[in-house]
Amino acid sequence: MFAILLLAQISQLWYAIPLIVAVSFTYAATRHELMEPILRHAVKIGVWIVGFMAVVFAVLMLVSSQV
């Protein structure tokens, strides 16, 4: 059941990529002025966002499988 739900939602996950990139760069650019620190900070924030989204996804899948 988990695999079917994951495959059904995978096409919608592609919309998250530009959103994560835009948020990461915007947040990093508000903290730094030079391009190198902006890129490093954007990657760190992007990884944090993806990790947070994965945890939320896992919790929601766990809750939905308990019903």
Side-chain angles (χ1 to χ4, degrees):
M1 183 71 170
F2 175 75
I4 294 171
L5 290 174
L6 182 60
L7 290 176
Q9 300 297 325
I10 199 76
S11 64
Q12 293 179 358
L13 290 176
W14 285 106
Y15 293 114
I17 295 172
L19 183 61
I20 292 169
V21 169
V23 168
S24 298
F25 275 113
T26 303
Y27 185 77
T30 62
R31 303 287 185 235
H32 305 285
E33 292 184 12
L34 299 175
M35 185 56 93
E36 185 179 336
I38 290 174
L39 291 175
R40 278 189 277 132
H41 197 205
V43 169
K44 288 179 185 179
I45 295 297
V47 168
W48 188 88
I49 291 172
V50 170
F52 181 76
M53 287 176 63
V55 168
V56 169
F57 179 76
V59 168
L60 290 175
M61 289 303 292
L62 180 67
V63 169
S64 69
S65 68
Q66 299 296 325
V67 175

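Numbering of residues begins at 1 and proceeds along the displayed sequence.
For residues 34-49, the salt bridge (Lys or Arg N to Asp or Glu O under 4.0 Å) pairs, not counting sequence neighbours, are E36-R40.
I45 places a side-chain heavy atom less than 4.5 Å from the side chain of I49.
Considering all non-hydrogen atoms of both residues, M53 and A16 come closest at CE-CB, 3.9 Å.
Hydrophobic clustering (side-chain heavy atoms under 4.5 Å, transitive across Ile, Leu, Val, Met, Phe, Trp, Tyr) keeps L39 apart from V43.
Applying the salt bridge (charged side-chain N to carboxylate O under 4.0 Å, His left out) criterion to E33, with sequence neighbours excluded, gives no partner residue.
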Side-chain donor/acceptor pairs under 3.5 Å, residues 19-30, sequence neighbours excluded:
| unit_1 | atom_1 | unit_2 | atom_2 | d |
| --- | --- | --- | --- | --- |
| S24 | OG | I20 | O | 2.7 |
| S24 | OG | G46 | N | 3.3 |
| T26 | OG1 | A22 | O | 2.7 |
| Y27 | OH | R31 | NE | 3.4 |
| Y27 | OH | R31 | NH2 | 3.0 |
| T30 | OG1 | Y27 | O | 2.6 |

